[in-house]
Every structure is written in structure tokens, then in C-alpha cells.
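Inspection log for the structure reproduced underneath, given as C-alpha cells.
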Amino acid sequence: MLLTTKFLRPTPDSRAVQRQRLAELLQPDSGQRLNLLIAPAGYGKTTLASQWCAGNSRPTAWLSLDEHDDQPRQFWQYLAGAFEHAGLMGLEHCKTLLARQNDEELTPAITALLNALAEDRNAWSLVLDDYHVINNDALHRQLAWFIDYLPPGILVTLTSRTEPPLPLARWRVRRQVQDIHPGLLAFSEEECQAFFRDTMAMSLTEADIRAICLKTEGWVAAMQLSALAGRKEAILPTQGSAFTLGPPDTRLISDYVLSEVLEQLPPELTRFLLETACCPRLCAALCDAVRQREDSQEKLSALLSQNLFLIPLDNRNEWFRYHDLFREALLVRVQSSDPAQSSEFQSRAIDWLLRHGHVQEAIAQIVHRKDTEHLAEVLSEHGNKLIHGGYHLPVLTWLEAIPVQKIQDSPQLQMLRIWGLFFANRVEGLEPLLSDVEDLLDRRVADSHPDAEGALALHSEISLIRSYLARSRNDEKHASDLTRQVLEDIDQISIPLKSVTYYGLGLDYFGKGELKNAEEALETAVHYGQIERKASTVLSSGGLLAWIQYNRGDTDFALETTNRVRQWVDEHYADPSQPRLISCWQSSALTEIYREKNLTDTAQGYLEPLIDHVRKGTEPGQHVVIQYVRGHLAFTLGDLDAAIEALDDAVALARRRREHIVFEPPAASALLARCYLAAGHPEKAWGSLQSALEQPATNPLNREQHQIALARVQLALGNSYQAQETLSSLIPAAERNAHNRHLVEILLVYAEALAHEGREEEASLMLNKALDRAEGAGFLRLFAEESPALQNMLLDLPRLRTPGRWNRELLAMLRERAVEPSDSAPSPSKTSAPAGRDTQELQEPLSQREQEVLLLIHQGLANKDIAQRMSVAPATVKAHIRNLYGKLGVSRRTEALAKARALHLLEETAKA
């Protein structure tokens, strides 16, 4: 049951000041996704949002939040309810998923909501009022993901007392955010008049109002406090006094107002403000350390009770910040009055932040002070942890602030730069840098340098980096030797490297096809990554582990692994304002798993962030993996053009950047061959495989994929006996190594090869074996990717009509995809259609344009190439293809070409 009053937009108060200039700012602009109204209580955020909604014609969903909504599932139930209350249709699937899912994994439900908005095609507005009550980091990340993938035209308006920990910097760079902050909320002179006369019902002269507006620069908080106190004399100049505005290009509060505020406070509270102005964020313990007193909680409570420019950052009243303009003014005052004491306050704040794990905030203040000596010390001590926590890019930026000579004299800082470049995927120039570090370490040992004892730890780091570089050169033996050497030394060094080392070991085993050993190494990497608090390593190790489990046929176990790892990362990844950590392996594994489960919308939801990484440019190995799963999903959905485009890109990049890939990515060329076969071009399929067959892959999984694809090509070319020979040699290893997905595929293709020779009984036995294996693993979509002939053979099996949920789901999917009996391709063991069939058997003949499209499809051209050849738009080509499929009674290119050959349409079209 949802409380429907939370969906009701407040009726604007007729006495409230009309803020037309702000309402215009809230109007959607090109690419805009978010309106952000951030201000303390009483700034009129809700009133402004309500006035704006009342003045535009967009369909609007309103949700007033309270502290009970700080649970992900309840939040999304209410958000979906707000849309439904406002008239959005098609939310049944979303609500069903929300009812079933727990708080940890709501991506499918959020994806369903996004899909419903996309299908609706209306330019919706969503208002989330009082978002500051939301304190759940997982919920912040989910909302950020939701906003990232909103359909075009959807606009979210968010009101809050505090700036939410969303990736606002990234959105601002992309011009996707319209900020309405206290500076913009400052009243104009006309609004001041309306405020004091109509809203506050105060009898002030126009001269008084004008003076107040000038003195406060339209700052609503200062005006409101003065109005409530009824003390116009506190902010009006005395007779004959002069007032000078600050520089017009600054946003600092005037010295006059600041003086009035400080002078009206007790001396001890004024002193507290000045002593703590150095802190961008405040808590009682930090303030106590800076002031060297123990009464800071009392002072913070006093400031909060007076609403004196103190903004809460959480719902527990533990962390605060001063209004930015107010803090800047305080800093100016304390730095001008006692610079030495100001510097001492800041030093104490930095020391406290470092002791309590707020390293990034401390470094930001050190950088602001331009204290490069201290910065070098802090990075030497904390930089490794920051890099392995996902902050390699900021570390590289901070290192640039340190003099070059200082870095050259420090092996720790040099290694920090190397790790930063490594995680930034800039590995091309690492070898010379590693040699420089080794030379420096050797000189220190020779000179008996005091830091010589740390040489072993740094040598282990160097060996670990070199093991990854060796993998990129396909030098598996050297990589494995280096990794094992690090494992021998690792207990004698202080630097936490176990998680990264075991991840490298897992990659080695995976490259050899030793999946069981790879799983053990990756589980160990996850374990030590959690101990060492290395979120990125935990996510990558868990993602590769899930990928392996999926290929072994342990699909549900793979899902459990991804959920377990994701939950840990979301709990321990300390900065929700940063973009959510994404693992290529994990998101790719989830895309494959949900694709295989026939939940293609959910699979697409996990794929979308990866595509965004490809667009922006990512590490070449990840690029290949992403394009592989992208092509696989497109192939499953029958979009062969998109599949071929993605896979062709993956194959080309893997060949061009092989030396920069630290693992052997999936066999994109094998999947590309399948796409060409599905498009009716066995010669192109053979061409895409040749290079991979001439230089066999190192990873047995990839070798198996290439051999299975070879058997498919042999079968398509009529060499069924050769196909059987190719497949029979694969079965023992696939069974022995539990490559269950490949084993199911091998058995299916083998069955089709047997059927081509009329060995129906043996083919049925093979199909039953494949079904037994697939049911245990939960594979479904794999069968829908096979040829129509093989799918028809499966439909005839009594095995699928026995009780069981999996049998029912597979049977329903195959029936849904089956062509009508009159149009279906004959069984491979039967004879072809009679030669006497002609175009008159079509209920409606093909138009001249459709015949032209059919001939170009036969030539292997993609849709965009057909459009170029015919000098028409791609959408026109798609319309012709849709009509063509309808007249032929087919649903994809292979079926269209097979039907056209049977009806002799290609010969007739060529003659025409």
C-alpha cells in the first residue's frame, strides 16, 4: 500500500513571490536531465518547484520524500507509484520485479521503469521533494544510474537542503544539470518588495526595501532572518553612513553583514566560527582537534538551532558545512587578523583528517596550501591504497604538483606513478619507468641508504607489474613465473598486494583453460581484496569469477557471486559522489547471463554502461570484451547488422592492439563466423575464421569456440562428415574441463550433422544429451540461436513435453520462434522443395524495390550499405525488409534467403 498523498503536488501559496525568472531556468534545455534546487530550509525550494510545475504543460510525477523512504525498494516503489499516479502506463513488469527483488539488486526493476518511459515517448517531469532525507549510498548510486540512462526528454527536478552525493561534476561538464543555488535564489529588488510587503506583511518604505536589497545583495536567508526578528535597523545603514558593495564579479557576502552577524553573537561562538573556518566539512571531533577544546558539539548545536549558515550534510547531525560564501568571508577575516594562527588551524585539520582516513580531503587542503613536501610524504604513505581503491587519476594529478626532481629521488613516488599509469591503461611506456626504479633501488642498496630495507617490497611490485606486461605479450610462462615469485615474497613485505597478485594468477589459469584453479585463485583475490579494501580488484576478480562460472554452466552460482561482490563494493566504496565503479568482467558476465536466461531487456540494462565506456575510449582488452557481448546480444535479438559491426570491430582491435591486452579476450571471430552463417554467407564465415585457425588461441575456451565455429561452417558447406570429425575431437576435453556451455553447443551441432546424413535416431540421442546438460546449467537462449531446422528437431522431441519449468520455458520459446509449417525449412534428412515452385506461390508478389533489396541482401550487404547503394535512408531500407519478410513469412535474413532460393526468387530477380 502506497500513501497517495505523497504524490500530490503542493498548491502554490497565493501570497508567495512569483519567481518567473527562476521558472524559466527550470525549463528543459537540450540534453538537460536534472534541475537541482539546493538551499537550507526556508529558501522556497518546494514553492518554486510547485509554481514551475503549475506553469508548464508537461506530464509531471511528484513525490514528497520522508525519512521512511531511505530504503531502496520502498523508494523505487514510491517513485514508480508517482509515475503511475500521474498516468504512466506499462509499469506492471516494473512493479512485479519490485515486489520480488530485495534491496541489493534492483537493476532489473529500474531497467523496466526506464523501458516504460522510453515506450511512452512523452516528455515527463519527475519532482523529488526533500531529497536530503535520503542517506542510503546504494540508493544514491541507483538514482545516478537511473538519471544516466533516462530516455531523451525526461527531466528530474530535485530539491534538497544538502547537495546529494551524486556524480554532479560529471553531469555538469556534460551540461546536463541546471543548478538553482542560494545565489540564484537571491531576490531582485522587485521580489524583495513583494517578499516584505505581501509574504511577510511588513510595512517598509520603498527606500528601506531598496537599501536592504542592496545591503544583502538579495540574499534570502539574511533578509528572512531580519524580517522574522523584526529588526530592520540591524541591516539598514544609520543616517549619513555610507555603504559600498563588494566587487561585482564576486559572490562574497559583504563585510558589513558579516560584521553584524559576528557582533550579535556571543564572543565564544564568534571565536568558534573563526577557528573552524579552515574546515570544508565539520564534525565535533574535528572541531575539537582544531580548537584543542572539547565543547564543539555544544557550539555546533547552537549554530544549528539558530540556522546560522550551517548546512547539515547527513540526517544524524554529525557532519556539516558552512554556507560557502559565509565560510569564505570567515577565512578572509581570520587570515587577515592572524595568518600564523590560521595556518596552525589548517595544519591541525589536515592531521586529524589523515588520522581518521579522510585522505582525499586532507590532500585537497595540502594542495591548496601548495605544500609539495607534505604532499609527497602523504602520497608515499597513502597513495597505494588510494590507487587500488579506484582513485588512480586523482593520484596522477597530485603527482604532477610535486617537483620532478622530488619524484625522481623517491622510488615510492615513482612506483605510485607507475601504478597510476597502469590502472589508467597507459601501459605503453611503463618498461623504461620500471627500469629507472630498479636502477635507483640498486644505487640505494649500494650506498646503504636508510630506505634500502624497503627495496624487497618495491621489487615485488615491479615483478607484479611486469607479470601483467608479460601477459600482454602472450608470454604466459614469464608472467606465471613472476607472479609465483611475488607470492613467495609477499608475506615478507608490508605493501598489501595479495589481491592483485592472486587476480593475476587467476588470469594465468584462465588463459590456460584451467578453470577450477582459476576459480580458486579469483576467490582468494576477492577475499584479500576485501581485507585490503581494494574495491576495484574485488569487482574485477569477482566479475571474471562469474564469467568462468557461467561458462562452466553454474549460472545461478555466477549470479550469486556478482550480487555478493557488488553488495560488498557498494558498502565499502567510500565516495558515492564519484561515478559508480563498473567492472567490465562483471557487467559483461551479467549481460551474458541474462541474455541466456532470455531476459534480454535486463541484459541490455547491464550492457548500456559498458557501451558508454566504449564511446569514451577504454582499455583495448575491455573494448574487445564489451564488443563481444554487445555483438552476442545483437545476434540473439536477430539484429545481424549490429552484431557483425560490433564483432568486426572487436576482431580488428584485438589484432591491432594485441600487445596492449593483458589477457586473451573472448573469441569474437568465432561469433562473427556464426553471424555470417546466419546471414547466409558461409564463405565470409570461413574468411573470418582463417586467421584464428592458422594461429590457434592460447586459451582452450577460445580454441574450442573456433573449432565449433569451424564445424558450423563445414556443415553449411555440406561437409557433414568433416564437421563430425571436428566436433568429436572436442567432446572429451570439454567434458573433462567442465566447459558445459561449449559442450551443449557441440552436441547440438553434432546432432544437426548427423541429421544431414539421415541418422535421425543418433541425432535425437545427441539432442537429449544436450538438453540434459543445458537444463542443469539453466541455458535457454542458446537453443534459439541455432538454425530453424535444428529448432524444429527439438520441437519434435518427447523429452521437452515432460513436466518441469525449464522444459516449459524452452518449449514456449521455441514455439514462439518457429515458422509456420508450410514455410519452415525441411529437415536436413529430407529432400528440398520441388523445383517446380515459383513466385506465384507468394500470396503477394514482391515489388521492384523489394526484389532489389533481396538481391543486395544475397550479396551480403549490411542495411547501411544497401541504403547507400539504393540512395535512400536506412529507415526506408528497414521498411522494405520488413515488408519483404512479411511476404515471405520469415523473420530473419537466413530464412529469407532460404525461402527465396526455394521459390527461385533470386534467379528471377537477377534476370529482371
Side-chain angles (χ1 to χ4, degrees), residues 553 555 596 598 636 674 677-678 704-705 707-736 738-833 894-895 898 902:
T555 308
E596 188 58 55
N598 205 29
T636 296
R674 289 197 67 183
L677 289 176
E704 282 179 359
Q705 270 194 291
Q707 290 296 311
I708 296 169
L710 172 62
R712 292 181 183 279
V713 174
Q714 291 168 335
L715 188 58
L717 295 173
N719 301 322
S720 59
Y721 183 72
Q722 288 182 0
Q724 291 173 56
E725 281 191 328
T726 300
L727 295 166
S728 61
S729 65
L730 301 177
I731 292 176
E735 289 181 332
R736 183 174 61 253
H739 297 173
N740 288 313
R741 192 172 196 287
H742 285 176
L743 186 57
V744 172
E745 202 174 329
I746 291 166
L747 294 171
L748 289 174
V749 181
Y750 207 129
E752 189 168 6
L754 291 169
H756 268 269
E757 297 181 357
R759 298 159 66 181
E760 302 287 350
E761 188 174 342
E762 294 172 80
S764 295
L765 289 174
M766 282 287 183
L767 290 179
N768 280 305
K769 287 183 181 179
L771 291 169
D772 290 340
R773 290 275 185 173
E775 182 177 11
F779 295 141
L780 274 176
R781 198 71 194 198
L782 182 149
F783 295 94
E785 296 172 359
E786 296 296 337
S787 68
L790 187 57
Q791 291 182 46
N792 287 333
M793 291 167 61
L794 288 165
L795 283 169
D796 290 338
L797 286 177
R799 157 79 163 73
L800 285 184
R801 288 167 179 78
T802 57
R805 177 181 174 183
W806 183 82
N807 283 344
R808 291 195 304 273
E809 290 181 1
L810 178 56
L811 193 60
M813 184 182 66
L814 292 174
R815 283 173 173 166
E816 183 182 348
R817 294 180 55 83
V819 294
E820 293 300 320
S822 60
D823 294 336
S824 62
S827 173
S829 60
K830 303 291 192 298
T831 59
S832 300
T894 41
E895 297 168 5

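Just so you know, residue 1 is the first one in the sequence shown, and it goes up from there.
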Heavy-atom side-chain proximity of Gln724 to Tyr750 below 4.5 angstrom: yes
Non-neighbouring partners of Thr555 that pass side-chain hydrogen bond (donor to acceptor under 3.5 Å, both in side chains), sequence neighbours left out: none
Does the side chain of Glu785 come within less than 4.5 Å of Glu745's, by heavy atoms? no
How long is the gap from CG on Leu797 to CG on Leu767, to the nearest 0.5 Å? 5.0 Å
With sequence neighbours left out, the residues meeting side chain to side chain contact (heavy atoms under 4.5 Å, CB included) with Ala709 are Ala670, Ala673, Leu689
Tell me every residue that passes side-chain hydrogen bond (donor to acceptor under 3.5 Å, both in side chains) with Glu809, counting only those two or more places apart in sequence or in another chain. Arg805
Ignoring hydrogens and angles, tell me if any N or O in the side chain of Glu596 forms a donor-acceptor pair with the backbone of Leu780 under 3.5 Å. yes
Compare every heavy atom of Leu715 with every heavy atom of Ala723, then report the nearest pair and how far apart it is. CB-N, 4.2 Å
Heavy-atom pair of closest approach, residues Glu752 and Ser787: OE2-OG, 2.9 Å
Please walk me through it: do Gln714 and Glu725 pass side-chain hydrogen bond (donor to acceptor under 3.5 Å, both in side chains)? CA-CA 10 Å; Gln714 291 168 335; Glu725 281 191 328; over 6 Å; no
Using every non-hydrogen atom in the two residues, find where Trp806 and Gly778 come nearest and quote the distance to one decimal. NE1-C, 4.0 Å
By side-chain hydrogen bond (donor to acceptor under 3.5 Å, both in side chains), Asn807 pairs with (sequence neighbours left out) Arg799, Thr802
With rounding to the nearest 0.5 Å, note down the distance linking CG in Leu730 to OG1 in Thr726. 7.5 Å
Are any of the side-chain heavy atoms of Leu754 and Leu765 separated by less than 4.5 Å? no
Of all residues at least two apart in sequence or in a different chain, which pass the side-chain hydrogen bond (donor to acceptor under 3.5 Å, both in side chains) check with Glu704? His739, His742
Which heavy atom in Phe779 sits nearest to a heavy atom in Val744, and how many Å separate them? CD1-CG2, 4.2 Å
Residue pairs, two or more places apart or on separate chains, that pass side chain to side chain donor-acceptor pair (under 3.5 Å) and touch residues 762-771: Arg759-Glu762
Exercise: identify the closest heavy-atom pair between Glu760 and Ala755: OE2-O, 4.3 Å
Nearest 0.5 Å, please: how far is CE in Met766 from CD1 in Ile746? 10.0 Å
Residues Leu771, Leu810; criterion side-chain contact (heavy atoms from CB on, under 4.5 Å); working and verdict: CA-CA 10 Å; Leu771 291 169; Leu810 178 56; 3.6 Å; yes
Got Met813 and Arg781 here, is their nearest side-chain heavy-atom distance under 4.5 Å? yes
Checking the side chain of Gln707 only, and the main-chain atoms of Leu727 only, is there a donor and an acceptor separated by less than 3.5 Å? no
Are Met793 and Leu790 close enough, and set up right, to give a side-chain contact (heavy atoms from CB on, under 4.5 Å), and what steps lead you there? CA-CA 5 Å; Met793 291 167 61; Leu790 187 57; 4.0 Å; yes
Okay, side chain of Arg801, backbone of Leu795: is any donor-acceptor separation there less than 3.5 Å? yes
Whether Arg712 and Glu786 form a salt bridge (side-chain N of Lys/Arg under 4.0 Å from carboxylate O of Asp/Glu) is what I want to check. yes
